[in-house]
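The structure under discussion appears below in the form of structure tokens.
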Amino acid sequence: MILIKIFFFPGLLFLMTYALYLQWFDRKVYARMQNRVGPPLFQPVADFLKLLSKQTIVPSSVQEQGMFWILPLISFAAVATSFLFIPVTASGPFYSFPGDLIIVAYLLTLPTLVLALAGWISTTSYSIIGGIRCLSQLFSYEVPFFIALLVPAIAVNSWNIATIATHLPHLVATHPLYMIPLALAFFSGLIALQGKLERKPFDIPDAETELVAGPFTEYSGRLFALFRITLDMEMVVGISLLSAIFLGGANPLMGIPGFVMFLIKTLFVAFLLAAIKSATARIRIDQLISFGWKILAPVSIVALLLQITMINL
Amino acid sequence: MVKKIDIASNQIREHFSGWIKTGELKLLSTISGYQEEGNIFIVYHCVNNEGAVDVRTSVPLAQPVLPSIVPVLPAATLYEREVQDLLGVRFEGHPDPRRLVLPEDFPDNVYPLRKDYVVNKEK
Amino acid sequence: MIKPGAIWKELLKNFSRKPATVLYPKERLNLPPNFRGRPMYDASKCIGCMLCVKDCPAQAIQIEKVAEKSYQCTFYLGRCIFCGQCADSCNKGAITMSQVYELAAFTQPSMTDTVKPV
Amino acid sequence: MDKQIILPIGPQHPLLKEPVHFRFSIEGEKIVEADIRLGYNHRGIEKAAESETYIQDLYMIERICGICSMTHATNFAHAVEEIAKVEVPPRARYIRVIVAELERLHSHLLWLGVAGHEIGFDTFFMVAWRDREVVMDLLEGITGNRVNYGINKPGGVRKDISDAQRKELQKGMDILEERIRYYQKVALEEPTFIARVAGIGKLDKEIAISHGAVGPTARGSGITYDVRRDLPYSAYGEIPFNVITSDRGDVLGRTIVRIGEMLESINIIRYAVEHLPEGPLAARIPRRIPAGEATTRYEAPRGECIHYVRANGTEVPDRVKVRAPTMANLVSIRSTLLNQEVADIPIIVAAIDPCLSCTDRTLVLLSNKQSSEITTWAELRKKSLAKTKRLL
């Protein structure tokens, strides 16, 4: 029974299919906003299978061959485990314990570090610069993301995602004033998630017009497929985390309608991310860091302070 | 219509530095060269305040050497090197006299735009 | 001055509109009358003056005498640049530009089209 | 820190539509040394032009470049007409202006889309190129082809503009004006777009003059030189228009100039369509052009393009010299690239809107240390790998 939960429903298989679906959804919305037709439904699956069948080439100049192989697996595992703590159906996540919000936030940072390491190991100038950019980008969005996660935690006064998801809507109903800090936190969390997933305004590491593919340049075949699916799964985890703690996940309804509610909310958040992606140009690394610290961090701190004062009132 | 001026090959640099000092030269569009029985003509196409001017000078085919005007006017860097590649005119004092147009493995002192260089046009 | 959101109007408008792409094999754009497709040859009008052969920039046309006052014309469509100069140079109107543009072929020889007088 | 990474970009690279090779040595994110090599598609057009008749040459010269084919065709036709002292009828001159300005519109719209793509603003790219189709359809309607129009012939034009087409032109111009005003608003207000184009790739006026920059690149730094006004050709003498300049000197300045020029082109086309004179389409011109020479200039979308043609009385020209606008701008590109960010390379290079098939010259610029030498690709890779190994 447990194995089924881990590998099938709220676990790996559902995560991967939903990741591929969200990738399609994101590309379709992005295309329609640009007045284009967009990819057919099975395009992501086709890409994934095609990459799996391609030959995996490891450049000779790479000294640590073993590390080169393991890195994609590490980030894949990190993202897969983090999904187990997210409440997909109203009956709660697969496993939850009081501090799982912190665990998920930590596991979501791991892939970025792994990506920077991958860029460093593959020794070509493009991937080194890509790796360096990955790291320097990490500092600018990590702090606002954590603070944004704290605001609902403080409102509900617990670190457990499931309890936040269930109690937040009642709380907001009773104290409408909480809407302001929560809205601010949701906004900065959304922008920070866009940075974490390295999407359009912040896709500086793998800016294809400059660095070909940044850290991914030397990866090919199965390894590259693994990295790509990890990025999509990270998007699913990030979006469902945000929709769980801010929009209440699946809680008002039980059973199947609860699950459908979860889907609707995550698709709504995905739509927002795709809109941001199509509305902005890629900014430079120094602008990103100044944006992160001058605008994003203050907004989330203000939200936090507001939330704290409101609790004590 | 374009005004035409003929100048001896050794006064080219003084002529252009004079023009630049008086601020008369607005733009050096390009330098083109052509071969006419036994000597190579170099034409400097310029735009002055009152209109377009072609300054022409010629060097004998046997001894194609010309003072370069790059020290006075950096814009001519490329144009001189192109004439040097295709017609074999040596520009003295050019800071960077390397090949501009032809690939590295093109044979030396073979100049494509000279009349003696025949291209076989296969049908 | 910087005012964010200038692009949003366009995004939402696009999102509600039908995509601008024309899905080629199924839907086709209608061609303007002046469109220059491949050249066509009318043997009855040709008097064999070879003006078109002389003027063709790509040497893509060949006129051979088949019998008295009747000529056959070969178009090397692989070389033709569809400029319409042959149609212009021919003052007997023997060559006209058609609207046929789907000329992809698998073999080089099949790109050579010889029009014989009937 | 003196550790310099050599970042080779090209000849095959997603940033480049055409084969060019950049070699930047960078410290951290700053460019310390810029080095460009072109010449990968040098086709020896000038030698080939000396072995074909004027009519055939026109089609070859028109195919020097895909996006400014009208430029080279008209310029070459002018030179031949000037040598043969043939007066082009007014209707032909007006039609040439209309097609020329349509080409400027689609070339600038293409550049706007590419600039958007270079800085990652793909929506701008998609939308700009969708609206460019309006211009391409008009061009296809009038000349019979989207590119390489073939509307010119020595002595005049080959196709006429019917009244139905004149209405289409006017309708197309109204649509385009509304779209381009919207792009002007986006380009001047969208924060992320401005953040990437303002203040980078600075080219101040003195360097622009001494290094002979032309076209929007020069007008973006305050130089008011426009061949259409200073040395008018075709019917530009009779058509009122103003020259757009900006003294910002950076990439945003050039963007403003190009968008302004698009709006000017729309007005020029409207004026020309209303005042299209009646009359023949072309003048008789002998197949053998009498001996003589001519220098003609033309304001291409990227700057001043000059043709120098010498005729020797036969059907075949004696010498044809073509200098495309991008070649003039390449001398000054190095000063715009020095100590800029790596992330800005694509947009700065795109800012001069390089059309390499026009230029196709191998260019190794003066590097500050005088001992610059040509390195073949193999040496470069060795140096780059050695550099990176030493780095690790």
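Reminder, nothing fancy here: chain letters follow the sequence lines and each chain counts from 1. Source: prediction; values computed, not measured.
- Taken from CZ in Arg36(C) to OH in Tyr149(D), the straight-line distance is 11.0 Å, to the nearest 0.5 Å.
- Within a 6.0 Å sphere centred on CD of Gln108(C), other residues, nucleotides and ligands contribute 12 heavy atoms or fewer.
- To the nearest 0.5 angstrom, Glu140(D) atom CD is 8.0 Å from Leu29(C) atom CG.
- Heavy atoms of Ile81(C) lying under 4.5 Å from chain D belong to its backbone as well as its side chain.
- Heavy atoms of other residues, nucleotides or ligands lying less than 6.0 angstrom from CZ of Arg288(D) number 12 at most.
- Per-residue heavy-atom pair counts under 4.5 Å with chain D were compared for Cys83(C), Gly84(C), Ser89(C), Ala20(C), and the maximum is reached by Cys83(C).
- Interface check for chain D: of the options Cys56(C), Gly37(C), Pro33(C), the most heavy-atom pairs under 4.5 Å are formed by Cys56(C).
- Other residues, nucleotides and ligands place no more than 12 heavy atoms under 6.0 Å from the NZ atom of Lys171(D).
- A distance of 14.5 Å separates CG of Asp55(C) from OH of Tyr54(D), quoted to the nearest 0.5 Å.
- Top candidate by heavy-atom pairs under 4.5 Å with chain C, chosen from Gln165(D), Arg158(D), Lys153(D), is Arg158(D).
- The number of heavy-atom neighbours closer than 6.0 Å to CZ of Arg17(C), taken from other residues, nucleotides and ligands shown, is above 12.
- The line from CD of Glu10(C) to OG1 of Thr123(D) is 9.5 Å long, rounded to the nearest 0.5 Å.
- Heavy-atom distances place the side chain of Pro32(C), and not its backbone, under 4.5 Å from chain D.
- Neither the backbone nor the side chain of Asp57(D) comes within less than 4.5 Å of any heavy atom of chain C.
- Proximity of a side-chain donor or acceptor of Gln56(D) to a complementary backbone N or O of Lys54(C) within less than 3.5 Å is detected.
- Under 4.0 Å is where a charged nitrogen must lie from a carboxylate oxygen, and between Lys159(D) and Asp88(C) no such pair does.
- The CG atom of Asn145(D) sits 11.0 Å away from atom CG of Asn34(C), with the distance rounded to the nearest 0.5 Å.
- Between Glu190(D) and Lys9(C), none of the side-chain N atoms (NZ, or NE/NH1/NH2) sits under 4.0 Å from a carboxylate O, so this pair counts as no salt bridge.
- Within the 4.5 angstrom heavy-atom criterion, only side-chain atoms of Val127(D), from C-beta onward, approach chain C.
- Contact annotation for Glu133(D): neither backbone nor side-chain heavy atoms come within less than 4.5 Å of a heavy atom of chain C.
- Neither the backbone nor the side chain of Leu58(D) comes within contact range of chain C; no heavy atom of the residue lies under 4.5 Å from a heavy atom of that chain.
- Residue contact with chain C, scored on non-hydrogen atoms closer than 4.5 Å, involves the side chain of Arg63(D) exclusively.
- Separation of atoms CE (Met126(D)) and OG1 (Thr21(C)) is listed at 10.0 Å; rounding is to 0.5 Å.
- Interface remark: Glu315(D) contributes side-chain atoms only to the contact with chain C (heavy atom separation under 4.5 Å).
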